[in-house]
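Have a look at the structure below before the remarks.
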Amino acid sequence: MRDALREKLEKRQNFDWTIHNELETREFGLELSSYLKPGDILALEGDLGTGKTTLTKYVAEGLGITEPISSPTFNIVKEHRSGRIPLFHFDAYRLGSGDELLDIGAEEYFYGKGICIVEWSDIVEDVLPEEALLIRISYGEKEGERIYQCIF
């Protein structure tokens, strides 16, 4: 799994990836974190319960973040600075538009020295930089299965 994923991530090409369980989610998140660099924005789309926050948790683990990761629904953004690169975790679920995200100063985060992960990115896609890495998460056919459509 890792070699095939590593090859796709190195090329930053579009691809679909099937996740069968949480262990594979962790492996994907850890591998993805090794390719992220300051200034990268990871946009996550998916229905409730598809695992956006779970994936974020494992990307954070790969970055060496030691604080607990939870959905920042009521804060809009949570800052995590304990890792090798700061992580700024956004949840746009309660926002009505991208302008509301900009009103809280998101551009400073987007063009800063950390990595941004934006859950519910489809709500604010109009203000996300073009170079954002998009992962659309959908339910697979089997229980616990997820399909990651990676648009890099």
Side-chain angles (χ1 to χ4, degrees), residues 1-95 101 106 109-125 127-152:
M1 171 184 158
R2 284 194 177 192
D3 289 339
L5 178 58
R6 200 171 284 141
E7 181 181 327
K8 291 184 181 302
L9 291 171
E10 283 174 358
K11 293 179 181 177
R12 287 210 175 189
Q13 64 184 28
N14 297 345
F15 63 94
D16 289 351
W17 197 261
T18 302
I19 300 290
H20 299 96
N21 52 49
E22 190 165 344
L23 177 61
E24 288 185 10
T25 301
R26 181 174 185 266
E27 289 175 0
F28 185 95
L30 293 176
E31 194 65 37
L32 176 59
S33 72
S34 68
Y35 290 93
L36 296 175
K37 59 190 182 317
D40 277 344
I41 299 165
L42 181 59
L44 302 178
E45 293 180 9
D47 291 335
L48 281 170
T50 53
K52 296 177 293 296
T53 303
T54 300
L55 177 58
T56 300
K57 176 174 77 170
Y58 292 127
V59 169
E61 179 183 333
L63 295 173
I65 302 292
T66 57
E67 304 105 296
I69 301 296
S70 60
S71 180
T73 300
F74 295 104
N75 298 2
I76 309 301
V77 64
K78 286 186 179 176
E79 298 182 8
H80 302 282
R81 297 181 181 273
S82 61
R84 62 182 170 82
I85 302 170
L87 173 65
F88 307 113
H89 182 198
F90 292 82
D91 187 325
Y93 183 74
R94 296 193 179 280
L95 299 180
L101 188 63
Y109 291 102
F110 292 165
Y111 299 104
K113 297 183 182 189
I115 293 167
C116 295
I117 297 182
V118 182
E119 294 188 32
W120 299 98
S121 63
D122 48 318
I123 295 171
V124 296
E125 65 188 348
V127 299
L128 293 178
E130 274 186 38
E131 61 274 7
L133 308 171
L134 173 62
I135 299 179
R136 289 188 179 119
I137 305 173
S138 58
Y139 291 106
E141 292 181 16
K142 299 176 184 165
E143 186 173 338
E145 190 174 80
R146 302 292 185 269
I147 310 299
Y148 290 177
Q149 182 185 16
C150 301
I151 302 169
F152 293 176

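Start at 1 with the first residue, then count along the sequence.
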For R84, which residues count as a side chain to side chain donor-acceptor pair (under 3.5 Å) partner, sequence neighbours excluded?
-> none
Residues in salt bridge (Lys or Arg N to Asp or Glu O under 4.0 Å) with K57, at least two apart?
-> E22
Quick one: are C150 and F28 in side-chain contact, heavy atoms under 4.5 Å?
-> yes
Lys/Arg N to Asp/Glu carboxylate O, R81 vs E79, below 4.0 Å = yes
Which residues satisfy the side chain to side chain contact (heavy atoms under 4.5 Å, CB included) test with T18, sequence neighbours excluded?
-> H20, E145, I147
Do Y58 and E27 get their side chains close enough for a donor-acceptor pair, meaning under 3.5 Å?
-> no
How about R94 and W120: do any of their side-chain heavy atoms sit closer than 4.5 Å?
-> no
D16: partners by side chain to side chain contact (heavy atoms under 4.5 Å, CB included), with sequence neighbours left out | Q149
Is any side-chain heavy atom of R6 closer than 4.5 Å to a side-chain heavy atom of D3?
-> yes
Sequence-distant partners of F110, ring pair (Phe, Tyr, Trp, His ring centres under 6.0 Å), two or more places apart | F90
What donor-acceptor contacts under 3.5 angstrom involve side-chain atoms of residues 131-138, with partners at least two apart or in another chain?
unit_1	atom_1	unit_2	atom_2	d
R136	NE	E45	OE1	3.0

Partner residues of E125 under the salt bridge (Lys or Arg N to Asp or Glu O under 4.0 Å) criterion, sequence neighbours left out = none
Name all residues meeting the salt bridge (Lys or Arg N to Asp or Glu O under 4.0 Å) criterion together with E67; count only those two or more places apart in sequence or in a different chain, and write none if there are none.
-> none
Side chains of residues 35-43: which donor-acceptor pairs under 3.5 Å do they make with residues two or more places apart or in other chains?
unit_1	atom_1	unit_2	atom_2	d
Y35	OH	E10	OE2	3.3
K37	NZ	D40	OD1	3.3
D40	OD2	R12	NH2	2.9
D40	OD2	K37	N	2.9

For F152, all residues meeting ring pair (Phe, Tyr, Trp, His ring centres under 6.0 Å), sequence neighbours excluded | F15
Just by distance, with hydrogens left out, do K78 and S70 show a side-chain donor and acceptor under 3.5 Å apart?
-> yes
Taking the side chain as C-beta and beyond, is there a heavy-atom pair between T25 and R146 under 4.5 Å?
-> no
Go through the steps for L95 and V124 under the test side chain to side chain contact (heavy atoms under 4.5 Å, CB included), then give the verdict.
-> CA-CA 8 Å; L95 299 180; V124 296; 4.1 Å; yes
For Y148, what residues pass the side chain to side chain donor-acceptor pair (under 3.5 Å) criterion, not counting sequence neighbours?
-> none
For K11, which residues count as a salt bridge (Lys or Arg N to Asp or Glu O under 4.0 Å) partner, sequence neighbours excluded?
-> E7
T50 and Y139, any side-chain heavy atoms less than 4.5 Å apart | yes
